[in-house]
Amino acid sequence: MQKYDHQKVEKKWQKTWDETGANKIDKDDTAKPKFYLLDMYPYPSGDGLHMGHTEAYTANDIFSRYKKATGFNVLHPTGFDSFGLPAENYAVKTGVHPKETTKTNSENFTRQLKSLGIDYDYDEMVTTSEPNYYKWTQWLFIQFFKNDLVYKKTDTVNWCDSCKTVLANEQVEGGACERCKKDVMQKPIPSWFFKITDFAQDLIDGHEKIDWPEHTRKNQINWIGKSEGAEIEFVVPRVVNDDPNEARSFIMGEKNISEKDINAVGGEIVEATKNGFLCVRFPKSSAKAFEELIVEKMEPGFWNEYLTDDEVVFIFKHKDSSVERLVLSEETDAAIVELGNKFNDDEPTDESAWAWLANNSWYAPIVPKVRVFTTRPDTLFGATYMVLSPEHELVGKLSEKIENKADVDKYVAAAAKKTDLERTVETKEKTGVELKGVKAINPANNEEVPIFIADYVLAHYGTGAIMAVPAHDERDWDFAKQFGIEIRQVIAPRLIQTTEPGAFREGEPMVFRNGVIALVKHWSEDKYIALKWKEVEWGTLLTGGIEDDETPEQTVLKEVREETGFMNAKITRDMGVVDGMFYHVPKKENRTVHGHMFYIELQDDAQEQISDEEEARHSVEWLTLDELKSFLTAPTHHHAVEVFEKGDSPYVSDGNLVNSDKFNDLDNLEAKEMITKAVGGEMKTTYKLRDWSISRQRYWGAPIPIVYDPEGNPHVVPDEHLPWLLPEDVDFMPTGEAPLAQSKELKERTEKIFGEGWTPEVDTMDTFVCSSWYYLRYPDPHNDEEFCRESRLKHWLPVDLYVGGAEHTYLHLMYARFFTKAMQKIGLLDFDEPFLKMRHQGMVLDAEGVKMSKSKGNIVNPDDMVERFGADSVRMYMMFAAPLADEILWNENGIVGVVRFLERVWRLQGNTVDEKSPDAERSLHKLIRKVGGDIEELKFNTAIAAMMSFVNEVEKSSITKEQYATFVRILAPFAPHIAEELWEAGGGEGSVHTHPWPKFDESLAKDEEVTIAVQVNGKVRGSVVVANDSDEATVLEVVQGEDKLSRWLEGEPKKVIFVPNRLINLVL
RNA sequence: GCCGAGGUGGCGGAAUUGGUAGACGCGCACGACUCAAAAUCGUGUACUGAAAGGUGUGGGGGUUCGAUUCCCCCCCUCGGCACCA
């Protein structure tokens, strides 16, 4: 017998497989069940295949070979994701055209893949940079265009100045470019977008019907970032101009109505502008007088009544002012329509009323408003300011009114220049500028609140504007502290006492009270007043009920004096309100107390005698904070101590509403919708996901099939001109301008086809567009008529199993799902999830667990490994070292284990016997079962361990030639070359890879005897060997007859637990 | 901070409806073969203890006849996201 020479064996069979077309697939063979197994196709880089590819492709190769052996027609294809920056950058450096680089590298990859024995049909590969592929990428773009799924807009987009191109949101990692790791800037650039946000909900919901790793699923859902809340409008009354009199006279001068007149009926001018607005506010009580004034002094005009509880706001608009219909609250809108229709001869509809107002009236209503998005409409009463993102359109529109325009402009400019990294990651310190001279009206309480711009508010999320509630939001809190803005608590934590005495009693009468809770500090020591109650086992802080005519401050000072006699107390800190629900034992009733918490410092020891009544209720003790914690009974009192220790901080959880007018005492969750409705807002769902910008100002990508007419309107390139070829007369040097703009050929081509003055789109598509649909091309990669013929599409798709790295969670995997959903919507597909089952392979790290990289010089080259150890050994070690999803530490000391194993398998062929041993036969059947089951679950490591055990065993006993041949068939998916060689040497027919997976016989796989663990009181004390499937009585008898166990078995067992073929547990 | 995955010998890892923890491999030790070495083969290898035994799956509690596995609290590591209102 020859020594095993992996190089010779592997070369021999790779050549044979190539020549015989061993991996050819008949895609129209529908007799067998189909299985579509997908690898993430590689980018053909100059570095060649890396170990991560090797692992994933090997895993799928094993799976593919196994599936074929069990009767499936398996589509297991590959190709090249060949458009992209590295080839272009290489071209910039060397002048070698990316086409050339791609060709060379692809050939190298193909050679490497073959050297690993991967079973692709190499004639059916897909290369995205070839016109016959990108023709269909362009065609799909056009279908999206025609179906309103793509649009162009100029927007601030992520710009990588190093790569000289736009990046999608998903291509930015922590504010840096995903490719080159340089900081990303925000820049306004015209760009084409795919409407991926239309599918945000579908992309979340779709996860319910696919089998994907949990973390990938969660990460995608988190990235989409759904949040439910409300949009609420804040009125921004325009304020008086620089020269208020001029403005006022403009509107009122000829109308014989003066500010004096207005003032006479108790009104005041809120706003009057040069461009035709007048806003007057007056108390409701004088509404009649005001109306008379208008009727008397003014010609017929129209106005908007902006109603609040106690006042009316009239807003007029001059007839010469251009007016737009504004989005108003339902009631206001209805009021205007009613008004409009009084003078409108047309059929009275909303639209006609508005139209009439706009066209005919001297005065029409208008109310400038800002919409904010919030998830906490329940806290609206606590909104003490609002913030616009620096990019918010209102900043420009208000600019005339802004008094500190220079500061504001400066801040806006600085924010625009900052990279995302600077704006977010580097510092969380809040910056901002108030828009002086303008105010917004909080619609809940009609209070004026200041407006700020600050870059902690993002232009792209929600409406780009927020209402800020510092008491209940950490960011707003920080900002308010910094700018000295009022922090108003509107949610009180709701604490229910559950411990006796005083545990809240369901069903007992409930009484509401306002009270104070005071933490009172000793005048010189670090101790605090604690009250020990005499009538009931209570330990409390100083408390008391607030009388109707008192403020909490008055109450608390009064209580200190009454209950303790201390005369000089000073309120040092107002710690807000907490709601406590408990049972008041002495009063025999449930109470909900709004406890206003104070921290009080005694100034000295001056003390007077307290009343006998107080004396009888409780005694006063001085405790440290720590002692208080075990002393206090009520959760609200613990809370007070906690708040004191923690210092000032926002309360962001749920509770009861306070300081919220008629909504007080409501559960905040219930109040969300009520408050939203009350102020005319609407419940709204928002997503973090943004539309996908696909324009790239680079050369090596699929040209966007768009041309512009002389007026600059975009038109799609008609199908007959596809593929819309990438021009070749282009200098690669990146300038920030698209390289295609230099192409004479492209320009001429466009004018020739479409006419003079027509110009081509010069941006290319993001390469992720190409990879978003490549799996749809594999069933029919050479088709020039369709992206894939329908019969094959229907037969093969969707993909049954997809294996690849986890790094594409937000990019490729999300985009591909979007493409599938979009194509289904258009009617090109009849399914909406491309990858039914998805698994990741782990990373391959060096022996020390460090990520491989060129700069560290620790890259392991698959070619070297294959040459030294053989493809079969490399494959097996990758699969054996760790579970597929885990990291592999590439340790050359470890690979010798599988090398030895294969050598032992090799030697075993010469040591077969003629007589079949029943033990070996049983082991073989168990092995068939085990390995098949493990492959189905992608547990290759344990499958290999089982094969090793089997070989260990039969080396000691014996194996027949026939059994050996069966074993070779089991080994074949893992080590295809050596298996083929051994199969041939054993006289096997044809290729081992064409033979079906061996069948196992359950009865032959069954052990005759089993070892049963013997436990006494749950501890293992020994084991016995009994016949398979013995019953409890039999096993018990054997156990009791076992000398070694007798020392543990004194007395009759009280209980026996018996698990057939597993264990027996005797409880004594 | 949030989301996710983990924590088992010297190392990679195995063990799931809760049922003998450490399969398989690496390494290591000893032995066989050899003049010697390599290769190969054999035996052993969680800790502790002379032994009987005891302890042991990040730490602490709980459920159970029995917990690596289920429940509660905490610690640590890795991956991802992060001013998302």
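- In summary, the aromatic rings of A:Tyr877 and A:Phe869 are positioned with their centroids too far apart to meet the 6.0 Å limit.
- Between A:Arg907 and B:C41 there is a side-chain N or O to OP1 or OP2 distance below 4.0 Å.
- Side-chain N/O atoms of A:Asn941 include one lying less than 4.0 angstrom from OP1 or OP2 on B:A14.
- Heavy atoms of A:Asp476 sit nowhere under 4.0 angstrom from any nucleic acid atom.
- No contact: A:Asn891 has no heavy atom under 4.0 Å from any strand.
- For the pair A:Arg900 and B:C24, the criterion of a side-chain N or O lying under 4.0 Å from OP1 or OP2 is not met.
- Between A:Lys3 atom NZ and B:A39 atom C1' the separation is 9 Å, expressed in whole Å.
- Scanning atom types as modelled, no donor and acceptor separated by under 3.5 angstrom connect the side chain of A:Glu474 and the base of B:G1.
- Applying the 4.0 Å criterion to OP1 and OP2 of B:U40, one finds that A:Arg904 has every side-chain N and O outside that range.
- With both pairing distances under 3.5 Å, B:C41 is matched to B:G31 as a Watson-Crick or G-U wobble pair.
- Considering only side-chain atoms of A:Asn1065, the nucleotide from B:U20, B:C65, B:U40 that sits closest is B:C65.
- The aromatic ring centroids of A:Phe901 and A:Phe880 lie 6.0 Å or more from each other.
- Rounded to an integer number of Å, the gap from CG of A:Asp934 to C1' of B:C24 is 12 Å.
- In this model, no donor atom of one side chain and acceptor atom of the other lie less than 3.5 Å apart for A:Tyr456 and A:Thr431.
- Distances shorter than 4.0 Å separate none of the side-chain N or O atoms of A:Lys939 from OP1 or OP2 on B:C24.
- Nearest nucleotide to the A:Trp223 side chain, out of B:C3, B:A5, B:A82: B:A82.
- Here B:G54 presents its C1' atom at 9 Å from NZ of A:Lys1019, a figure rounded to the nearest Å.
- Contact check, A:Arg1062 against B:G18: no side-chain N or O comes under 4.0 Å of OP1 or OP2.
- Taking atom C1' on both B:C26 and B:G13, the two are 11 Å apart, rounded to the nearest angstrom.
- In this structure, the side chain of A:Ser923 engages the main chain of A:Asp919 through a donor-acceptor pair within 3.5 Å.
- B:G56 and B:C2: their P atoms are spaced 33 Å apart (whole Å).
- Here the side chain of A:Tyr651 pairs a donor or acceptor atom with the backbone of A:Asp654 at under 3.5 angstrom.
- Per the geometry, OH belonging to A:Tyr877 stands 8 Å off C1' belonging to B:C26, to the nearest Å.
- Atom CD1 in A:Ile944 sits roughly 12 Å away from atom P in B:A14 (whole-Å rounding).
- Applying the 4.0 Å criterion to OP1 and OP2 of B:C3, one finds that A:Lys218 has every side-chain N and O outside that range.
- Between the CG atom of A:Asp5 and the P atom of B:A39 there is a distance of 19 Å, given to the nearest Å.
- Within 4.0 Å (heavy atoms only), A:Thr1011 reaches at least one base atom of the nucleic acid.
- Remark: C1' of B:A85 and NZ of A:Lys226 are 17 Å apart, rounded to the nearest angstrom.
- Nucleotides B:U68 and B:G22 place their C1' atoms 11 Å apart, quoted to the nearest Å.
- Within the structure, every side-chain polar atom (N or O) of A:Arg217 is placed at least 4.0 Å from both OP1 and OP2 of B:G4.
- Pair assignment for B:A46 gives B:U55, based on Watson-Crick or G-U wobble hydrogen-bonding distances that are each under 3.5 Å.
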